[in-house]
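Quantities reported herein were computed from a predicted structural model and do not represent experimental measurements.
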Amino acid sequence: MHTAHHAPIVSSLPGRLRLRDARLRRDALREAVLARLDTLPALRTLRANAAAGSIVVEYDGTRVGEALMCREVLDAVAPWLAAPATAAPAAVPAPPRRASRRRQLARANNLGMLASLGGSLALAAAGAKSAHVATGTVFLGLLGVHLAMHRRSLLR
């Protein structure tokens, strides 16, 4: 059975669950939490990773169900890892970011290349040689701009 995760539980499987919280990187707090978790029934092993701020709790899944163990672990760590009493206001989503100037220029250049190439080919098929040469020249100029913009990735 896979239960819904509650902070600080980030992973929960029968017989194993993982807690993760940045506060678990602090030695004193992590040791206090480990000492409290060590008193839980059906506990098999505890593994802490200070760098990741996580603790893996392995327990006997035949003696206690996953949902009950999650509840017991959350109750056990609540004095140290409980969410703040006043929740922060919901974050207002940021407005969509505008594309950078460089990205806008690249897009306009690519559209110009496509239009001039299409026009050049259509004029060649229609037999308008001088117009074909003019639009082909525009295409080559835009291609030069394109290559200049992407020169770093082309010359790796």
Side-chain angles (χ1 to χ4, degrees), residues 1-121 138-156:
M1 174 175 108
H2 187 70
T3 62
H5 297 203
H6 304 282
I9 297 177
V10 295
S11 172
S12 161
L13 298 169
R16 181 180 178 280
L17 58 91
R18 179 183 304 272
L19 301 164
R20 183 170 290 132
D21 191 295
R23 294 172 285 189
L24 289 171
R25 293 180 179 146
R26 295 189 297 229
D27 292 335
L29 186 135
R30 185 178 57 258
E31 292 305 320
V33 169
L34 285 170
R36 176 61 183 97
L37 290 174
D38 202 29
T39 66
L40 293 177
L43 181 71
R44 286 191 176 156
T45 61
L46 290 172
R47 288 190 324 266
N49 182 331
S54 72
I55 297 175
V56 175
V57 178
E58 292 183 8
Y59 60 94
D60 185 355
T62 61
R63 289 181 50 203
V64 63
E66 183 182 359
L68 178 60
M69 191 62 171
C70 285
R71 227 178 354 263
E72 286 184 10
V73 167
L74 287 173
D75 290 344
V77 301
W80 298 279
L81 303 179
T86 58
V92 176
R97 288 179 37 161
R98 262 187 67 200
S100 69
R101 271 287 179 225
R102 182 177 171 83
R103 181 82 177 158
Q104 289 175 342
L105 178 62
R107 184 173 177 86
N109 190 63
N110 290 344
L111 290 173
M113 284 173 48
L114 183 63
S116 63
L117 180 61
S120 180
L121 292 174
V138 169
F139 171 77
L140 289 175
L142 293 172
L143 177 63
V145 171
H146 178 82
L147 292 174
M149 289 177 68
H150 297 287
R151 69 186 172 277
R152 286 192 183 111
S153 60
L154 293 172
L155 300 176
R156 285 185 199 184

Next item on the list: Report the C-alpha distance between I9 and L74 in whole Å, list the side-chain angles of each, state the deciding distance to 0.1 Å, and finish with yes or no for side chain to side chain contact (heavy atoms under 4.5 Å, CB included).
Entry: CA-CA 8 Å; I9 297 177; L74 287 173; 3.8 Å; yes
Next item on the list: Please identify each residue that fulfils side-chain contact (heavy atoms from CB on, under 4.5 Å) with Q104, with sequence neighbours left out.
Entry: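 Residues passing side-chain contact (heavy atoms from CB on, under 4.5 Å) with Q104: R98, A99, R101.
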Next item on the list: Go through the structure and list residues passing side-chain contact (heavy atoms from CB on, under 4.5 Å) with L29, not counting sequence neighbours.
Entry: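 L29: side-chain contact (heavy atoms from CB on, under 4.5 Å) contacts with R23, L24, R26, V33, W80, L81.
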Check: What is the distance from atom CG of L68 to atom CZ of R63, rounded to the nearest 0.5 Å?
Finding: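 One gets 11.5 Å once the value is rounded to the nearest 0.5 Å.
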Next item on the list: Please round to the nearest 0.5 Å and tell me the distance separating atom CE of M149 and atom CG of L105.
Entry: 4.5 Å
Note to self: Can you pull out every side-chain hydrogen bond (donor to acceptor under 3.5 Å, both in side chains) where at least one residue sits in residues 138-153? Sequence neighbours excluded, please.
What the structure shows: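 Those involving residues 138-153 are N110-H146.
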Margin query: Once side-chain hydrogen bond (donor to acceptor under 3.5 Å, both in side chains) is applied, do any residues pair with T39, and if so which ones, sequence neighbours excluded?
Written below: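 With sequence neighbours excluded, T39 shows a side-chain hydrogen bond (donor to acceptor under 3.5 Å, both in side chains) to R36, given in chain and number order.
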Contact summary for [X] and [Y], nearest pair of heavy atoms:
| X | Y | result |
| --- | --- | --- |
| V77 | P8 | CG2-CG, 4.3 Å |
| L34 | L46 | O-CD1, 3.6 Å |
| S11 | R16 | OG-NH1, 4.2 Å |
| S116 | L142 | OG-CD1, 4.2 Å |

Check: Side-chain contact, heavy-atom cut-off 4.5 Å: V73 with L40?
Finding: yes
Check: Would you say the side chain of E72 lies within less than 4.5 Å of the side chain of P41, judging by non-hydrogen atoms?
Finding: yes
Can you list, pair by pair, the side-chain donor-acceptor contacts under 3.5 Å of residues 54-62, counting residues two or more places apart and other chains?
from: E58; atom 1: OE1; to: T45; atom 2: OG1; distance (Å): 3.2
from: E58; atom 1: OE2; to: R47; atom 2: NH1; distance (Å): 2.6
from: Y59; atom 1: OH; to: L13; atom 2: O; distance (Å): 3.4
from: Y59; atom 1: OH; to: G15; atom 2: N; distance (Å): 3.2
from: D60; atom 1: OD1; to: R44; atom 2: NH2; distance (Å): 3.3
from: D60; atom 1: OD1; to: T62; atom 2: N; distance (Å): 3.0
from: D60; atom 1: OD1; to: T62; atom 2: OG1; distance (Å): 2.5
from: D60; atom 1: OD2; to: T62; atom 2: OG1; distance (Å): 3.3

Notebook entry, point to check: Of all residues at least two apart in sequence or in a different chain, which pass the salt bridge (charged side-chain N to carboxylate O under 4.0 Å, His left out) check with R30?
Noted result: D27
